[in-house]
Amino acid sequence: MFRFFLACALAALTVPAALAVAGPVLRVGVERLDYYPFYVSDGRGYRGYARDLLDAYAASRGLRFSYEPMEIPDQVRLFLGSDRLDFAFPDHPAWHEDAKQGKAVHYSQPVGVLLEGLVVRRGETGRSLARVRRVGIVKGFVAQAIRREVQSGQIAVFESQSLDALFQLLALGRLDAVYVDFQVARLRLALLKLDGKLVADPTLPFDRHELRLSSRQHPERIADFDRFLLREAGTVSALKRRYGLH
């Protein structure tokens with residue numbers, strides 16, 4: 001496992017050096033969050049599947065992407081309300097619909113799929129959603145699967161920028177579930193040594209989200225990115241295999 005993470009880190013470090021002599025710099029607003037293997041943004045930079053994919057596209061076009069990590073509410077506000085960000089990742093037409101009213105946002109074809117549902121304590125799987133009262137969720141996430149229960153007051157939501165903190169609260173019994181992608185949960189719980197206490201429950205409602213690159217300012221770049229995804233399908237598939245994604 002250590003060799004795997006080391007190889008990924010080295011790959012992330014070598015790509016920007018290769019792009020140092022490339023052309024225009026385009027700013028991508030990304031989530032300040034550890035959502036490995038899809039993406040990780042922390043004190044060591046932005047890395048993971050998304051970084052490698054976007055850098056591969058940029059290198060093929062003589063571009064450079066500058067990744068700007070920020071909390072999700074700030075990402076949404078700056079992307080929709082200013083010209084500071086050229087792109088946002090990840091994005092989806094169903095996310096933050098109210099904030100997007102009247103805004104022309106252009107989306108790429110899907111580059112990955114999230115299956116986001118509820119992680120619970122072992123021994124509590126298979127129970128009714130009616131018994132779930134407190135759900136932890138990353139600040140800014142959209143939990144469509146339980147939206148009706150949240151709006152009715154049946155489920156209370158506790159937001160945090162730290163996924164690790166939410167898992168700890170669940171393990172301590174202060175939450176009934178945490179809303180998260182199942183692949184992310186499996187890797188993160190193993191790293192935190194909580195996989196013996198917590199587990200994803202696919203019997204409860206879950207969402208299927210397709211991850212997309214979006215832009216307000218550069219629809220032509222989005223169309224070109226789609227052409228890259230089609231023509232370099234082998235490259236995309238190889239990156240997914242490297243990170244254990246479907």
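Count residues from 1 along the sequence.
- Here the shortest heavy-atom pairing between Ala200 and Pro202 reads O-CD, 3.4 Å.
- Taking every heavy atom of both residues into account, Ile137 and Ala143 meet most closely at CD1-CB, 3.6 Å.
- With rounding to the nearest 0.5 Å, the separation of NE2 in His96 from CG in Asp98 is 10.5 Å.
- No side-chain donor from either of Asp201 and Thr125 sits under 3.5 Å from a side-chain acceptor of the other.
- Taking CG of Leu118 as the start and CD1 of Ile155 as the end, the distance is 7.0 Å to the nearest 0.5 Å.
- Using a 4.0 Å cut-off between a side-chain N of Lys or Arg and a carboxylate O of Asp or Glu, Glu210 and Arg208 qualify as a salt bridge.
- Between Arg188 and Asp164 a salt bridge is recorded (basic side-chain N to carboxylate O distance below 4.0 Å).
- Considering only heavy atoms from C-beta on, Val184 comes within 4.5 Å of Leu163 through its side chain.
- Between Ser82 and Arg216, the closest heavy-atom pair is O-NH1, 3.2 Å.
- Applying the salt bridge (Lys or Arg N to Asp or Glu O under 4.0 Å) rule to pairs touching residues 101-115 yields nothing, sequence neighbours excluded.
- In summary, the aromatic rings of Tyr35 and Phe141 are positioned with their centroids under 6.0 Å apart.
- With hydrogens and angles ignored, the 3.5 Å screen pairs a side-chain donor or acceptor of Asp207 with a backbone N or O of Ala145.
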Stepwise side chain to side chain contact (heavy atoms under 4.5 Å, CB included) check, Leu211 with His92
CA-CA 6 Å; Leu211 301 180; His92 189 281; over 6 Å; no

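- Pairs passing the salt bridge (Lys or Arg N to Asp or Glu O under 4.0 Å) check and including a residue from residues 129-151, sequence neighbours excluded, read Arg134-Asp176.
- Within the 4.5 Å cutoff, no side-chain heavy atoms of Leu198 are placed close to those of Asp195.
- Remark: side-chain polar atoms of Glu31 are not paired, donor with acceptor, to backbone N or O of Pro69 under 3.5 angstrom.
- For the pair Phe38 and Phe89, the minimum side-chain heavy-atom distance is 4.5 Å or more.
- Leu169 is linked by a side chain to side chain contact (heavy atoms under 4.5 Å, CB included) to Phe158, Arg174, Leu175, counting only residues two or more places apart in sequence or in another chain.
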Side chain to side chain contact (heavy atoms under 4.5 Å, CB included) between Leu54 and Tyr67: does it pass, once the steps are laid out?
CA-CA 10 Å; Leu54 294 175; Tyr67 301 98; 3.3 Å; yes

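- Not a single donor-acceptor pair under 3.5 Å links the side chain of Arg122 to the backbone N or O of Val199.
- Formation of a donor-acceptor pair under 3.5 Å by the Glu232 side chain with backbone atoms of Ser60 is not found in this model.
- Here the straight-line distance linking atom CZ of Arg27 with atom CG of Leu78 works out to 10.5 Å at 0.5 Å rounding.
- Applying the ring pair (Phe, Tyr, Trp, His ring centres under 6.0 Å) test to pairs two or more places apart or on separate chains, none has a residue in residues 104-136.
- Asp181 is listed as a side-chain neighbour of Leu115, based on a closest heavy-atom distance under 4.5 Å.
- Summarising the geometry, atom CG belonging to Leu204 is positioned 9.5 Å from atom CD1 belonging to Ile146; distances are rounded to the nearest 0.5 Å.
- Checking side-chain atoms of Asp91 against main-chain N and O of Arg212 turns up no donor-acceptor pair under 3.5 Å.
- In this structure, the side chains of Tyr39 and Arg47 stay at 4.5 Å or more apart for every pair of heavy atoms.
- Of the possible donor and acceptor atoms, none in the side chain of Ser41 sits under 3.5 Å from a partner among the backbone N and O of Arg32.
- Side-chain contact between Leu114 and Gln183 is absent, with no heavy-atom pair separated by less than 4.5 Å.
- Electrostatic pairing of Glu97 and Lys100 does not count as a salt bridge here, judged by no charged N lying under 4.0 Å from a carboxylate O.
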Apply side chain to side chain contact (heavy atoms under 4.5 Å, CB included) to residues Asp34 and Asp42 and explain how you reach the verdict.
CA-CA 7 Å; Asp34 187 340; Asp42 56 18; 5.5 Å; no

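- With rounding to the nearest 0.5 angstrom, the CZ atom of Phe167 is 8.5 Å from the CG atom of Leu194.
- Minimum interatomic distance between Leu245 and Pro37 (heavy atoms only, all atoms of both residues): CD2-CG, 3.5 Å.
- Using a 4.5 Å cut-off on side-chain heavy atoms (C-beta onward), Arg64 and Asp55 make no contact.
- For the pair Val111 and Val236, the minimum side-chain heavy-atom distance is 4.5 Å or more.
- Residue pairs meeting the ring pair (Phe, Tyr, Trp, His ring centres under 6.0 Å) criterion with at least one partner in residues 174-223, sequence neighbours excluded, are Phe87-His218, Trp95-His209.
- Between the Ser215 side chain and the Asp86 main chain, a donor and an acceptor come within less than 3.5 Å of each other.
- By the side-chain hydrogen bond (donor to acceptor under 3.5 Å, both in side chains) test, Arg231 is found to be paired with no residue, residues two or more places apart in sequence or in another chain being considered.
- The number of heavy-atom neighbours closer than 6.0 Å to NZ of Lys197, taken from other residues, nucleotides and ligands shown, is 12 or below.
- With hydrophobic clusters built from ILVMFWY side chains whose heavy atoms lie under 4.5 angstrom apart, Val150 shares a cluster with Val119.
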Residue pair Val105, Leu80: steps toward the side chain to side chain contact (heavy atoms under 4.5 Å, CB included) verdict:
CA-CA 9 Å; Val105 180; Leu80 296 175; 4.0 Å; yes

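- Separating the CG atom in Leu166 from the OG atom in Ser160 is a distance of 4.5 Å, to the nearest 0.5 Å.
- No side-chain donor-acceptor contact under 3.5 Å links Glu68 to the backbone of Val28.
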Stepwise ring-ring contact (aromatic ring centres under 6.0 Å, His included) test for Tyr57 and Phe228
CA-CA 7 Å; Tyr57 167 69; Phe228 169 82; 5.4 Å; yes

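- Shown here for Gly126 and Thr203, the closest heavy-atom pair between the two residues is CA-OG1, 3.4 Å.
- Nearest heavy atoms, Leu170 versus Arg121: O-NH1, 2.7 Å.
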